[in-house]
Enquirer: 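Structure provided below as structure tokens; questions to follow.
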Amino acid sequence: MKAAISSFNRKVTAEITWRGFDIRMSAYVVFIREKTNNIEELGIYASKAPVGLAGHSLKPLAMYGTHEVIEGPDVEGVAVLEFPNMEEAKAWYYSPAYQDALQHRLKGGIYRGVMVEGLSKFETDGCKI
């Protein structure tokens with residue numbers, strides 16, 4: 001099943017590309033906090049995480065604001081970060097500075113994290129979509 005989904009995803013991306021779209025692929029990192037286990041560890045994370053931002057190009061799009069779960073189990077919060085591309089997202093996430101902060105986030109709560117490639121902007125025949 002995973003192979004079929006992966007194949008479908010590649011086909012969709014290829015189909016958009018060959019139909020004349022100028023696609024700029026951004027990457028998004030989505031963190032979902034399912035449960036807080038240790039608020040003190042999350043406080044340490046909050047103090048260390050900004051150090052990991054230095055030298056990385058990212059834009060916070062959502063940071064644990066008001067949310068509404070429309071599918072699946074309830075969550076405590078969601079953060080969404082935009083990066084210019086997947087390589088930059090990985091460079092930030094796996095950087096020593098962020099990894100130092102990350103250990104405290106993981107001790108502080110149960111999270112899900114996903115990196116996904118997406119379309120930040122695309123144009124076709126001079127018409128912006």
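Given the structure is predicted, the values throughout are model-derived calculations rather than measurements. Hydrogens, waters and symmetry mates play no part in the numbers below; they use all other heavy atoms, side chains included.
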Enquirer: Are Leu53 and Val30 linked, directly or through intermediate hydrophobic residues, by side-chain heavy-atom contacts shorter than 4.5 Å (ILVMFWY only)?
Expert: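 No.
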Enquirer: Minimum heavy-atom separation for Ala89 to Ala27, with atom names?
Expert: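 So the two residues come closest at CB-CB, 4.1 Å.
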Enquirer: Could you grab the distance from atom CG of Asp100 to atom OH of Tyr98, nearest 0.5 Å is fine?
Expert: 11.0 Å
Enquirer: Please determine whether residues Trp92 and Met86 belong to a single hydrophobic cluster, defined as Ile, Leu, Val, Met, Phe, Trp and Tyr linked transitively by side-chain heavy-atom distances below 4.5 Å.
Expert: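 Yes, it is one cluster - the side chains of Trp92 and Met86 are joined through contacts under 4.5 Å.
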Enquirer: For His56 versus Ser95, what's the shortest heavy-atom pair and its separation?
Expert: NE2-CB, 3.9 Å
Enquirer: Given the rule that I, L, V, M, F, W and Y join up when any side-chain heavy atoms are under 4.5 Å apart, are Tyr28 and Ile32 in one cluster?
Expert: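 Hydrophobic grouping puts Tyr28 with Ile32.
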Enquirer: Is there a path of hydrophobic side-chain contacts, each under 4.5 Å between heavy atoms of I, L, V, M, F, W or Y residues, that connects Val114 with Leu102?
Expert: no
Enquirer: Tell me, please, which residues at least two apart from Arg105 pass salt bridge (charged side-chain N to carboxylate O under 4.0 Å, His left out).
Expert: none
Enquirer: Calculate, to the nearest 0.5 Å, the distance between atoms OH and CD belonging to Tyr64 and Glu76 respectively.
Expert: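 Rounded to the nearest 0.5 Å, the OH-CD separation comes out at 10.0 Å.
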Enquirer: First locate atom CG of Asn38, then atom CG of Leu106, and finally report the distance between them rounded to the nearest 0.5 Å.
Expert: 12.5 Å
Enquirer: Hey, are the side chains of Glu82 and Leu61 touching, using non-hydrogen atoms and a 4.5 Å cut-off?
Expert: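 Yes. Closest side-chain heavy atoms under 4.5 Å.
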Enquirer: Check Pro50 against Tyr45 and note the closest heavy-atom contact, atom names and distance.
Expert: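 Of all heavy-atom pairs spanning Pro50 and Tyr45, the closest is CD-O, 4.5 Å.
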Enquirer: Whether the side chain of Gln99 engages the backbone of Tyr93 through a donor-acceptor N/O pair (distance < 3.5 Å, no angle test) should be reported.
Expert: yes
Enquirer: Are Arg112 and Val75 side-chain neighbours, meaning at least one heavy-atom pair lies under 4.5 Å?
Expert: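 They are not in side-chain contact.
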Enquirer: Determine, step by step, whether Ile44 and Lys107 satisfy the side chain to side chain contact (heavy atoms under 4.5 Å, CB included) criterion, reporting the C-alpha distance in whole Å, the side-chain angles of both residues, the deciding distance to 0.1 Å, and the verdict.
Expert: CA-CA 10 Å; Ile44 295 169; Lys107 290 176 187 174; over 6 Å; no
Enquirer: Can you establish whether the number of heavy atoms outside Lys59 located under 6.0 Å from its atom NZ is more than 12?
Expert: no
Enquirer: CG of Leu81 to CZ of Phe31: how many Å apart, nearest 0.5 Å?
Expert: 6.5 Å
Enquirer: How long is the gap from CD on Glu117 to CE on Met25, to the nearest 0.5 Å?
Expert: 4.0 Å
Enquirer: What distance do Arg33 atom CZ and His67 atom NE2 have between them, rounded to the nearest 0.5 Å?
Expert: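 It is 8.5 Å, given to the nearest 0.5 Å.
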Enquirer: Honestly curious: do Met115 and Leu58 fall in one hydrophobic cluster under the side-chain, below-4.5 Å linking rule?
Expert: yes
